[in-house]
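The block underneath contains the structure these notes are about, expressed in structure tokens.
Basis for what follows: all heavy atoms, side chains included, without hydrogens, waters or symmetry-related copies. Every chain is numbered from 1, with letters handed out A, B, ... down the list of sequences.
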There are 2 protein chains.
Amino acid sequence: MATTRSSSVARRPLDIDEMAAWRAFVLANARIVKLLQGEMECEQGLSLPAYEVLVRLSEATDGRLRMSDLATFATLTPSGLTRLVDKLVADGLVERVRCDTDARVVYAAITPAGLARLKQAYPTHLRGVREHFVDRLTPSQLAALHAALDPLVAGCPTES
Amino acid sequence: MATTRSSSVARRPLDIDEMAAWRAFVLANARIVKLLQGEMECEQGLSLPAYEVLVRLSEATDGRLRMSDLATFATLTPSGLTRLVDKLVADGLVERVRCDTDARVVYAAITPAGLARLKQAYPTHLRGVREHFVDRLTPSQLAALHAALDPLVAGCPTES
DNA sequence: GATCAATAGTTGCGTCTGCAACTGTTGTGA
DNA sequence: TCACAACAGTTGCAGACGCAACTATTGATC
């Protein structure tokens with residue numbers, strides 16, 4: 001008889017508080033992300049993942065990142081990133097750069113136009129994050145939230 | 001000269017803590033949702049939105065909900081919900097029921113087969129939520145998280 | 001040094017999903 | 001009672017995205 005095999009044994013259902021916290025967690029995220037997405041799309045004509053890619057590249061050394069690293073940062077699959085970068089390259093915001101020492105590797109590198117585009121889009125994102133997230137929380141709430149989120153992202157590839 | 005017009009004036013950038021909290025928030029959600037999605041798909045052959053629809057219907061009076069209400073609960077657009085329900089109807093898990101008093105309205109109603117399917121899928125979801133969310137937090141962390149999330153979902157259509 | 005597994009990235013294909021336009025229904029104001 | 005706006009839901013269309021298969025390259029093993 002199984003005793004505590006977690007993968008096959010029915011567990012105690014969530015209690016009221018656990019359930020409420022879980023639903024609030026999901027709902028809050030869905031709500032905020034959808035708002036940010038709409039604002040970025042509408043005001044800047046940029047998808048949120050595209051913005052995210054530009055941000056990550058701008059933060060990286062030499063403004064470039066391996067495709068695979070960029071994919072994990074942007075929480076996309078490799079194939080998804082390939083097409084997104086295709087589009088950014090077509091728009092002149094990003095360049096593909098082959099790696100000298102490993103011919104398998106491709107870097108995505110942000111261009112000056114990409115930096116300019118990012119600088120232009122940044123206020124939209126900043127305002128959205130403030131309006132829908134940061135400014136709705138007291139500093140202590142924010143700290144508590146962050147502290148509680150830490151165990152949830154522990155060991156995450158994108159922790160940096 | 002504008003003074004504090006929030007929509008057009010550059011705001012103070014996020015400080016380190018705000019930025020870290022924001023990124024943890026986004027990352028935690030992306031990570032957990034992707035895990036749950038994969039588990040539900042893999043173990044139960046059910047998409048997460050489909051599972052969510054079945055849950056909401058099972059909780060509703062008479063096991064049915066207007067399409068538009070269901071759409072907001074499942075955070076889908078009306079069109080998205082229409083196709084999802086199409087699929088669930090094809091699988092025999094949900095039925096469409098016309099409203100007697102308003103011919104515009106369609107109810108989605110969970111069938112006995114849908115309830116059975118939900119009962120079967122529930123442990124997978126429960127285990128995932130526990131493993132990736134609830135069990136990683138102490139009760140006080142969970143309470144703090146919930147308290148901090150509340151202002152983020154205030155006034156949300158799906159608050160119930 | 002040849003073979004073979006592992007790795008990086010891309011592409012084919014199918015699915016999901018949103019926007020805009022459309023149909024049908026209801027209620028409101030003249 | 002006759003427009004006409006508002007509403008509920010669906011459909012056409014197109015874009016985004018993931019999985020699996022594929023190509024090219026590298027590194028490990030014998």
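- T111(B) and E95(B) are not linked by any side-chain donor-acceptor pair at a separation below 3.5 angstrom, with hydrogens and angles left out of the test.
- A search for side chain to side chain contact (heavy atoms under 4.5 Å, CB included) contacts involving S68(B) returns R66(B), not counting sequence neighbours.
- A 4.5 Å side-chain heavy-atom check between R130(B) and L14(A) finds at least one atom pair inside the cut-off.
- A distance of 4.5 Å separates NE2 of H132(A) from CG of L35(A), quoted to the nearest 0.5 Å.
- When all heavy atoms of L149(B) and A21(A) are compared, the pair lying nearest together is CD1-O, 3.9 Å.
- Phosphate contact (OP1/OP2 of dC16(C), side-chain N/O of K87(B), threshold under 4.0 Å): present.
- For the helix from dG1(C)-dC30(D) to dA30(C)-dT1(D), the rotation axes defined at the first and last 5 base pairs enclose an angle of 10°, given to the nearest 10°.
- Bracketed by its first and final contacts, the part of DNA chain D lying under 4.0 Å from non-hydrogen atoms of chain A reaches from dA16(D) to dT26(D) in 5' to 3' order.
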Letter per nucleotide, 5' to 3', of nucleotides 9-14 of chain C [B base touched, S only sugar-phosphate touched, - untouched; heavy atoms, 4.0 Å]: SBBBB-
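- If you take CG on L93(B) and OH on Y51(B), they are separated by 13.5 Å, rounding to the nearest 0.5 Å.
- Every residue meeting the side chain to side chain contact (heavy atoms under 4.5 Å, CB included) condition with D86(A), not counting sequence neighbours, appears here in chain and number order: T82(A), R96(A).
- Note: CD (Q37(B)) to C1' (dT17(C)) measures 13 Å, nearest angstrom.
- Distance, L46(B) CG to dC16(C) C1': 15 Å, rounded to whole Å.
- For the residue pair T124(A) / Q44(A), a side-chain donor-acceptor distance below 3.5 Å is found, with atom types taken as modelled.
- In terms of position on DNA chain D, the residue among K34(B) and D102(B) whose nearest nucleotide sits closer to the 5' end is D102(B).
- Within the model, atoms CZ of F73(A) and CG of D69(A) stand 6.0 Å from one another, a figure rounded to the nearest 0.5 Å.
- Residues satisfying the side-chain hydrogen bond (donor to acceptor under 3.5 Å, both in side chains) criterion with R83(A), sequence neighbours excluded, are absent altogether.
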